[in-house]
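Letters A, B, ... mirror the listed sequences (proteins, then strands); counts begin at 1. Small disclaimer: the values here were computed from a predicted structure and weren't measured.
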2 protein chains.
Amino acid sequence: MGTTKKAVSIWDVAKHAGVSHQTVSRVVNGSPRVAATTREKVLAAIEELDYRPNRLARTLAGGAAQSVTVLTADTSLYGAEASLRGIEKAARAAGWSVSISVLDPEETHSDKDIMARLPRAGEPVIIIAHDEPGMRAEKVLTAVQPQAMIAIGRYAYGQTEDPPLLLGLDDGEAGAEATRYLLGLGHETVHHLAIPTSLGNAEGGRAHRADGWARALREAGRPVPEMIPTGWTIAEAFESVQPLVRDRSVTAILCGNDDLALATLRAAHLAGRRVPGDLSIVGFDNAPFAEYTTPALTTVNQDFENVGMSAFELLRHRLDPSIPKPDPAWGLPELVIRETSGPPD
Amino acid sequence: MGTTKKAVSIWDVAKHAGVSHQTVSRVVNGSPRVAATTREKVLAAIEELDYRPNRLARTLAGGAAQSVTVLTADTSLYGAEASLRGIEKAARAAGWSVSISVLDPEETHSDKDIMARLPRAGEPVIIIAHDEPGMRAEKVLTAVQPQAMIAIGRYAYGQTEDPPLLLGLDDGEAGAEATRYLLGLGHETVHHLAIPTSLGNAEGGRAHRADGWARALREAGRPVPEMIPTGWTIAEAFESVQPLVRDRSVTAILCGNDDLALATLRAAHLAGRRVPGDLSIVGFDNAPFAEYTTPALTTVNQDFENVGMSAFELLRHRLDPSIPKPDPAWGLPELVIRETSGPPD
DNA sequence: CATCGTCTTGTGACCGATAACATCATGGAA
DNA sequence: TTCCATGATGTTATCGGTCACAAGACGATG
């Protein structure tokens, strides 16, 4: 019946192969100090018994870490989901396991809340969260285990070294580029529908999408309209953007991500404004659906998956410096011009 | 500097409180057989030292499991992502940790590949994958640890008991309902753009979306057009659906999910067919963006998040029968009529 | 031929918890 | 008063590994 057979351990293999458990451990971990013939015997035994090492025991005993915990924003956000996907992919390739824990944007997490998410003290962590709870987690973990933590943030690779170690895309410049593009099209100014991230003041010189937007506007000598803050959901954005969409003097809106852009597109349509004739809309992130909306969304492509993969590799390097430090592998943010942007009529 | 202090263990607490480590263990696990005064002392020590139990050690020592591994399809699919979100939410509430491992649809996984994803023998698993690799994983794990596994599939709750334990939404009936709705609108027949899942033959009486579609058509005495198979990505769907969209005799298309529906909507637009005047399109899943496309997508709402939460609760129950068996908590699939469907002109 | 370093393998402690069993009071029943 | 069930706590083994160190075999060196 449902009798789960007892798992085979390193001792079983040792007995079967006629060696000590330590020798089995050496073979499993690829130690060079094992005679070829012995190795053969052990490998045969492993094969025969279908032995599979227990990662918990391995980690507990002080072996090298083989798991990461990812503290992330709600995975229904494209950016978080894609970064997580990259981390998982790299981790799986390396034979590591990845745990996830979602940081609730509504909740204020105490230090304890955050630490309680880790399965053990010293567990390696990657934080994917650009908003309040993420920054809080970053702060807490930096204090406790700076060497076993990476945060995916807004800094370009290598810009900051050592705790807190951030890694990410240059949102600021991308925001500026998109804004310049719209101005170049002939728009008087550009309005901004902002994701929650951008609400906090940029700490420690971090460059936000919204910062880049404001900077580009100032550099062009244009007025900087009041930024419209909104939430993470499409529904919230749809509500927030109503005044903007109804104001006929508004001809261009830069949105904090593609979900917001979709909401704006919909709101514009319902308000009877033609896109891009009456109103240009530019998104951020280049989510998979962006290419298939009607009209197709102009947006800024972000290479989240590669950032995620690099975050994992970088963490590994920090945990074990004998593993080479990865080169930054992701592409720069890039404006993808499609159909929602054009010169004002 | 980055000196990670040694973690405080149960022994440290014991020493600090002047009791044995076992007593500390009792307090931590809420055993009733501890004098109130002792409990106080121990709790104080825990607080003071900021002790946090090591889950790895706990599991290794044979304590109750506190982690699940989720084997899932690519999380960029809405259904998988939402189910995962539900699992994580329920798990977090229960103080468990969640590991994820993605099953690559391209790859044929051997039994070993699948087992290698588990951190230890007997690790509780939830499988979210309705396609080939998922079914394979289900088969492998059912053979090894039927009691510590739940698969999220297409069966209604309670329909099958015991290994393999499936749990899910009644896709078949939902597919039939959507089809009947379209026929009721006056369409001669309904075409189907199918997700990969539906390609395999329905094993063991599982009801697919595509099955329900075909059934409804037959019951209405209509011809069942050839099903158009496609991949999981919007881009693939966009290509696959071209012939259908160009065929002016086609007036209604039921799509396997909302991504495919979006691709179809776009393709129809580019082919110069008005939606819903010339062509009705119905999706599946009610992804967040579905309400905000133009025209807004008619689709079948699926309560993935609650299915995920229930899967977790059910797994817990199976692992420890003293935990009550959860009631099925999710809503039935429900047709959401929006703007992409209507009578043929 | 004795000594020593190297290669190979084994032994025992330990990681941080739980489980099973032993021990010691304490208080009510006989 | 004696006995014993019961409650509170301690002791030891164990989970499945790794680590540090010891020990045996062997060829090279002086």
Side-chain angles (χ1 to χ4, degrees), chain A residues 4-42 45-46 49-67 95 97 118-123 320, chain B residues 4-43 45-46 49-67 95 97 118-123 319-320:
Chain A
T4 306
K5 328 174 196 69
K6 192 156 170 0
V8 351
S9 79
I10 202 170
W11 289 92
D12 302 320
V13 176
K15 200 172 305 168
H16 197 83
V19 299
S20 75
H21 71 283
Q22 183 58 258
T23 299
V24 176
S25 174
R26 292 196 181 96
V27 171
V28 169
N29 293 295
S31 158
R33 342 193 114 289
V34 179
T37 57
T38 309
R39 182 188 311 279
E40 292 299 305
K41 269 193 306 183
V42 173
I46 287 177
L49 299 182
D50 193 26
Y51 165 73
R52 227 178 316 275
N54 180 324
R55 266 182 227 156
L56 305 193
R58 188 177 274 181
T59 303
L60 182 61
Q66 292 190 66
S67 63
S97 68
L118 308 188
R120 64 181 176 107
E123 168 85 355
D320 176 0
Chain B
T4 306
K5 329 174 195 72
K6 192 157 167 1
V8 349
S9 80
I10 202 171
W11 288 93
D12 302 321
V13 177
K15 201 172 304 168
H16 197 85
V19 299
S20 76
H21 72 284
Q22 184 58 254
T23 298
V24 176
S25 174
R26 292 198 182 94
V27 171
V28 169
N29 293 294
S31 158
R33 343 191 114 290
V34 179
T37 57
T38 309
R39 183 187 310 280
E40 292 298 306
K41 268 192 306 183
V42 172
L43 288 175
I46 288 178
L49 299 181
D50 193 25
Y51 166 73
R52 227 178 314 275
N54 180 324
R55 267 184 228 157
L56 304 194
R58 186 177 275 181
T59 303
L60 182 61
Q66 292 191 66
S67 63
S97 68
L118 308 187
R120 65 181 177 106
E123 168 85 356
L319 257 23
D320 176 0

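Residue A:Ser25 places none of its side-chain N or O atoms closer than 4.0 Å to OP1 or OP2 of D:dG17. Distances shown here put every side-chain N or O of A:Thr23 at or beyond 4.0 Å from the OP1 or OP2 atom of C:dT8.
Atom CZ in A:Arg120 sits about 19 Å away from atom P in D:dG16, given to the nearest Å. Going from atom CD of B:Gln66 over to atom P of D:dC15 covers 20 Å, rounded to whole Å. To the nearest angstrom, C1' of D:dC15 lies 15 Å from CD of B:Glu123. If you measure from atom CG of A:Leu60 to atom P of C:dT18, you get 12 Å, rounded to the nearest angstrom. Atom NZ in B:Lys41 sits about 11 Å away from atom C1' in D:dA8, given to the nearest Å. Taking atom CG of B:Asn54 as the reference point, atom C1' of C:dG16 lies 6 Å away to the nearest angstrom. B:His21 has its NE2 atom 13 Å from the P atom of C:dC15, to the nearest Å. Look at CZ on A:Arg33: it is 19 Å from P on D:dG24, rounded to the nearest Å.
Counting any heavy atom pair closer than 4.0 Å across all strands shown, A:Arg52 reaches sugar-phosphate atoms only and no base atom. Among the atoms of the strands shown, base atoms are found under 4.0 Å from some heavy atom of B:Ser20. Nucleic acid contact for B:Thr38: sugar-phosphate only, since backbone atoms but no base atoms lie under 4.0 Å from a heavy atom of the residue. Within 4.0 Å of A:Val28, counting heavy atoms only, lies no atom of the nucleic acid at all.
With C:dG10, D:dG17, C:dT18 as the candidates, the nucleotide lying closest to the side chain of B:Ile10 is C:dT18.
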Worked check of side chain to side chain contact (heavy atoms under 4.5 Å, CB included) between A:Ser67 and A:Arg55: CA-CA 9 Å; A:Ser67 63; A:Arg55 266 182 227 156; over 6 Å; no

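Within 6.0 Å of NZ on B:Lys41 lie more than 12 heavy atoms contributed by other residues, nucleotides or ligands.
Considering only heavy atoms from C-beta on, B:Arg58 comes within 4.5 Å of B:Asn29 through its side chain. Side-chain contact between A:Asp50 and A:Val8 is absent, with no heavy atoms from C-beta onward closer than 4.5 Å.
The nearest heavy atom of DNA chain D to B:Ala61 and to B:Gln22 marks one nucleotide each, and the one closer to the 5' end goes with B:Gln22. In terms of position on DNA chain C, the residue among B:Arg26 and B:Gly63 whose nearest nucleotide sits closer to the 5' end is B:Gly63.
With rounding to the nearest 0.5 Å, the separation of CZ in A:Arg120 from CG in A:Leu60 is 9.0 Å.
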